[in-house]
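Accompanying notes for the structure given below.
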Protein chains: 2
Amino acid sequence: MSSNDTARPVGIKQVAAHAGVSPGTVSNVLNRPERVADGTRERVERAIVELGFVRNGSASTLRAGHSSTIGLMVLDLANPFFTEVARGVEDVASERGYAVILASSGESDEREQRNLRVLAEQRVRGVLLTPVGDEGENADRLRDRDVPVVLLDHPTPRANQCSVAVDDVAGGELAAAELLAGGARTIAFVTGPPGLRQCADRRKGALRALKAAGLGRDALREVPVAAMNARAGQEAAARLLDGPPPDAVFCANDLLALGVLRVLLQAGMRVPEDVALIGYDDIDFSAAAAVPLSSVRQPTYRLGRIATELLLEECDDAGGHAHQQVMFQPELVVRESSRRAPGSAR
Amino acid sequence: MSSNDTARPVGIKQVAAHAGVSPGTVSNVLNRPERVADGTRERVERAIVELGFVRNGSASTLRAGHSSTIGLMVLDLANPFFTEVARGVEDVASERGYAVILASSGESDEREQRNLRVLAEQRVRGVLLTPVGDEGENADRLRDRDVPVVLLDHPTPRANQCSVAVDDVAGGELAAAELLAGGARTIAFVTGPPGLRQCADRRKGALRALKAAGLGRDALREVPVAAMNARAGQEAAARLLDGPPPDAVFCANDLLALGVLRVLLQAGMRVPEDVALIGYDDIDFSAAAAVPLSSVRQPTYRLGRIATELLLEECDDAGGHAHQQVMFQPELVVRESSRRAPGSAR
DNA sequence: ATCGGGGCTTGACACGTTTTAATCGATGTC
DNA sequence: GACATCGATTAAAACGTGTCAAGCCCCGAT
């Protein structure tokens with residue numbers, strides 16, 4: 001049996017004793033191996049594996065003042081958009097020897113605040129944050145503690161922080177323009193809480209497209225939902241079918257669109273012939289939907305990678321770091337849910 | 001401006017000074033508020049908010065020997081099955097005042113090992129683990145360090161640990177039996193690495209169903225794939241279409257099935273008329289697929305909840321804790337992708 | 001032979017919190 | 001009025017690591 005009844009906390013001291021050196025040397029082997037002679041280092045390394053030593057991160061962090069861990073807080077872990085972002089983050093972080101603590105605010109400001117507090121207690125080196133609110137006071141609180149914060153999927157006009165985002169106004173315009181090009185004159189916009197910047201911006205873009213097409217704001221019927229998932233989409237569609245159906249539906253993300261699509265088809269409507277539909281994010285599942293979903297694609301994985309690179313740059317070299325605001329452009333992906341069959345346009 | 005140039009680490013001492021008490025009292029306010037007089041407590045609490053004090057988790061952990069954090073390691077964060085499990089975990093953990101560190105092994109043993117090491121360094125209180133390998137040596141290493149481990153979505157015959165799982169053999173049997181009932185005589189099984197217990201068990205169940213139907217093992221054509229996602233499913237389907245198509249396809253999870261479905265339809269095959277299809281996990285998207293996907297449903301959220309409850313019970317009361325092996329039964333969900341139109345059965 | 005210097009190693013302290021035992025003051029008892 | 005009791009508070013000692021100044025040893029230069 002390998003288990004041991006007597007709790008035997010094996011620390012740097014035990015390793016030192018076992019290798020016949022001082023604790024300081026073991027610490028050097030761990031942190032600045034080049035400073036220690038080859039023979040000694042090998043001896044220490046052998047002792048480490050023989051005793052199964054695992055460095056106590058709390059002690060390191062306590063002494064160093066910060067850990068080699070970054071926090072990633074997203075709006076919704078169940079959204080493939082964010083898991084793809086997380087993949088980019090994880091890849092860069094692990095390349096650079098950082099661990100990632102993943103957390104989700106569930107679009108709740110209170111949960112965001114609570115989770116950020118946990119991250120602050122853990123003394124993470126930095127934080128990638130997709131803020132729920134627009135102002136990012138929570139981010140400010142962290143920065144006051146000298147914890148670098150990079151805003152993720154959220155632009156900022158302020159020069160005191162980095163941000164990486166995709167132009168959601170442009171994306172909303174692309175989406176609505178596509179629907180209008182298909183012949184739609186009235187569009188329903190299924191959208192999450194208006195406090196969410198992503199939703200607000202996409203709406204703004206849609207209005208811009210309407211205006212360009214010579215239509216007024218009243219051509220856009222807003223259908224607010226409480227969450228940004230498929231279930232909420234279904235509920236929205238049900239409400240939508242209460243009144244006269246619009247020509248087209250623009251959903252603030254693909255999860256909503258998939259839910260809407262499902263209810264529309266169940267209700268016997270044809271997509272796109274009766275109602276055109278477009279989503280946002282271009283998640284994997286969209287292409288495999290009952291009617292392949294048109295959508296707006298974002299450089300998701302790169303979003304995560306670049307945000308992490310900016311954050312780590314700021315962590316490793318707080319002095320020489322110049323804050324950057326990166327903005328990507330989205331891309332329209334037309335599939336079957338938005339294009340009306342030729343000739344069926346009004 | 002709220003930022004402060006001079007780094008001013010505000011610790012328990014500063015709070016104590018500001019409130020006119022000793023550091024020990026501040027600690028008591030934080031950890032055993034009932035032991036301190038009302039007046040004093042209020043004074044300290046005021047000082048805490050005034051100074052914006054945030055407890056240093058590293059120091060607590062160092063002193064206590066463990067943190068109030070648990071680790072959750074899943075196979076694939078991009079799989080909705082696991083994000084749903086994670087939701088259950090998060091809910092219970094936060095109810096009980098624990099934070100969750102989320103990590104993903106990506107089905108790689110090496111990444112599992114590396115991530116578990118990070119968790120060990122962080123001195124997490126316990127770990128929920130969906131192991132990549134079958135034996136769980138990595139779990140043993142943790143348990144040797146007195147870190148409780150609960151196996152998640154993985155049964156164990158060993159009595160020295162808790163586990164929470166769903167009967168995948170039964171699930172595989174349900175799935176294959178459904179396909180056979182639809183008239184299929186040959187079934188392709190699209191499956192991930194055979195080292196993955198989930199895949200192996202589902203295969204075993206499928207074989208059992210074949211046997212019950214009087215068919216031999218050769219009625220099951222295995223199509224191995226490298227990963228368990230939609231892309232891999234597409235590749236598998238492409239290979240599948242090289243030879244004579246089987247009557248039906250059983251995919252080891254829904255992501256694979258969605259990928260397969262997409263390619264089948266693109267190739268002009270009708271589902272289920274030409275080829276029947278069934279997946280596993282019953283993720284949200286399956287119901288909204290081009291052809292609504294039959295699948296095998298698991299009590300995903302409860303899986304996460306119960307595993308976490310077991311883990312925290314073991315953490316809080318290591319002595320009086322009796323290890324349990326919980327096994328849920330899966331449930332067949334029949335939609336359109338598996339049932340042949342009446343009369344089209346051979 | 002002495003000195004200087006460079007490469008390795010060591011010793012000791014500090015990080016911020018928790019905890020234990022001791023202290024203090026007040027209240028109640030004999 | 002002395003003493004025990006009890007509650008509230010404090011002082012001090014850990015926890016395991018990183019760091020830094022100081023020490024050691026050996027070698028080459030003078």
Side-chain angles (χ1 to χ4, degrees), chain A residues 7-45 47-48 51-69 97 118 120-125 145-146, chain B residues 7-45 47-48 51-69 117-118 120-125 145-146:
Chain A
R8 34 125 215 191
V10 35
I12 215 176
K13 282 183 202 161
Q14 284 71 28
V15 173
H18 192 268
V21 297
S22 83
T25 301
V26 178
S27 177
N28 280 335
V29 169
L30 291 172
N31 303 307
R32 293 111 95 194
E34 72 283 1
R35 285 202 195 170
V36 44
D38 290 358
T40 325
R41 190 184 43 216
E42 282 164 20
R43 214 147 23 100
V44 171
E45 282 166 349
I48 287 181
L51 297 181
F53 166 78
V54 174
R55 161 216 243 106
N56 186 326
S58 325
S60 303
T61 301
L62 174 57
R63 182 59 232 245
H66 57 79
S67 63
S68 63
T69 299
V118 172
E121 287 191 2
Q122 300 287 325
R123 294 298 192 268
V124 292
R125 190 70 184 272
R145 291 184 198 296
D146 291 321
Chain B
R8 36 122 215 193
V10 35
I12 215 177
K13 283 183 200 161
Q14 284 72 26
V15 174
H18 193 266
V21 297
S22 83
T25 301
V26 177
S27 176
N28 281 334
V29 170
L30 291 172
N31 304 306
R32 292 110 95 194
E34 73 282 1
R35 285 203 195 170
V36 44
D38 289 358
T40 327
R41 189 183 45 219
E42 282 163 21
R43 213 148 23 98
V44 171
E45 281 166 348
I48 286 181
L51 297 182
F53 166 77
V54 174
R55 159 215 247 109
N56 185 326
S58 325
S60 304
T61 301
L62 174 58
R63 182 61 230 242
H66 58 78
S67 63
S68 64
T69 300
R117 188 187 181 80
V118 172
E121 287 190 5
Q122 300 287 323
R123 292 298 190 270
V124 292
R125 191 68 185 272
R145 292 183 197 296
D146 292 321

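A note on names: the letters A, B, ... follow the listed sequences, proteins ahead of strands, and every chain is numbered from 1.
- Using a 4.0 Å heavy-atom distance criterion, A:Gly11 is classed as a sugar-phosphate-only contact.
- The side chain of B:Asn56 contributes no N or O atom lying less than 4.0 Å from OP1 or OP2 of C:dT17.
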For a side chain to side chain contact (heavy atoms under 4.5 Å, CB included) check, start with the C-alpha distance between A:Arg63 and B:Leu62, then their side-chain angles and the critical distance, and finish with the verdict. CA-CA 11 Å; A:Arg63 182 59 232 245; B:Leu62 174 58; over 6 Å; no
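- In the 5' to 3' direction, nucleotides of DNA chain D lying under 4.0 Å from heavy atoms of chain B begin and end at D:dA8 to D:dG16.
- Using a 4.0 Å heavy-atom criterion, one finds that B:Thr40 contacts the sugar-phosphate atoms exclusively.
- A:Val26 comes within 4.0 angstrom of no nucleic acid atom, judged by non-hydrogen atoms across all strands.
- End-to-end axis angle of the helix from C:dA1-D:dT30 to C:dC30-D:dG1, using five pairs per end and rounding to 10°, comes to 60°.
- Positionally, the nearest nucleotide of DNA chain D for B:Arg43 lies more toward the 5' end than for the other of B:Arg43 and B:Leu62.
- Comparing B:Ala37 and A:Phe53 along DNA chain D, the residue whose closest nucleotide (by nearest heavy atom) sits nearer the 5' end is B:Ala37.
- Atom CG of residue A:Asp38 and atom CZ of residue A:Arg43 lie 12.0 Å apart, to the nearest 0.5 angstrom.
- Judged by atom type and distance alone, B:Arg63 reaches the base of C:dT18 through a side-chain donor-acceptor pair under 3.5 Å.
- Here the side chain of A:Ser67 pairs no donor or acceptor atom with the backbone of A:Thr61 at under 3.5 angstrom.
- Remark: A:Leu30 CG to A:Ser60 OG distance equals 8.0 Å, nearest 0.5 Å.
- Distance CD1/A:Ile12 to CG/A:Leu51: 12.5 Å, rounded to 0.5 Å.
- Contacts of B:Ser60 with the nucleic acid, taken as non-hydrogen atoms under 4.0 Å apart, involve only primed sugar atoms and P, OP1 or OP2.
- With hydrogens and angles ignored, the 3.5 Å screen pairs no side-chain donor or acceptor of B:Glu42 with any backbone N or O of B:Gly39.
- Among the atoms of the strands shown, only primed sugar atoms or phosphate atoms (P, OP1, OP2) are found under 4.0 Å from some heavy atom of A:Val21.
- Across every non-hydrogen atom of B:Asn31 and B:Pro33, the tightest pair is C-CD, 3.5 Å.
- Rounded to whole Å, atom P of C:dT19 lies 9 Å from atom CG of B:Asn28.
- Here the P atom of nucleotide C:dT20 and the CZ atom of B:Arg32 are 7 Å apart, to the nearest Å.
- Residue A:His66 holds its NE2 atom at 4.0 Å from CZ of A:Arg125, rounded to the nearest 0.5 Å.
- A straight line from CD1 of B:Ile48 to P of C:dT17 spans 10 Å, rounded to a whole angstrom.
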Applying side chain to side chain contact (heavy atoms under 4.5 Å, CB included) to B:Arg145 and A:Val54, what does each step give before you reach the verdict? CA-CA 10 Å; B:Arg145 292 183 197 296; A:Val54 174; 3.1 Å; yes
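- We find that NZ of B:Lys13 is positioned 6 Å from P of C:dC15, with the value rounded to whole Å.
- Going from atom CD of A:Glu34 over to atom P of C:dC8 covers 11 Å, rounded to whole Å.
- Within the 3.5 Å criterion, the main-chain N or O of A:Val29 finds no donor-acceptor partner in the side chain of A:Arg32.
- The residue among B:Arg35 and B:Gly57 whose nearest nucleotide of DNA chain C is located toward the 5' end is B:Gly57.
- Remark: C1' of C:dC8 and CZ of A:Arg41 are 13 Å apart, rounded to the nearest angstrom.
- Distance CG (A:Asn31) to P (C:dT9): 15 Å, rounded to an integer number of Å.
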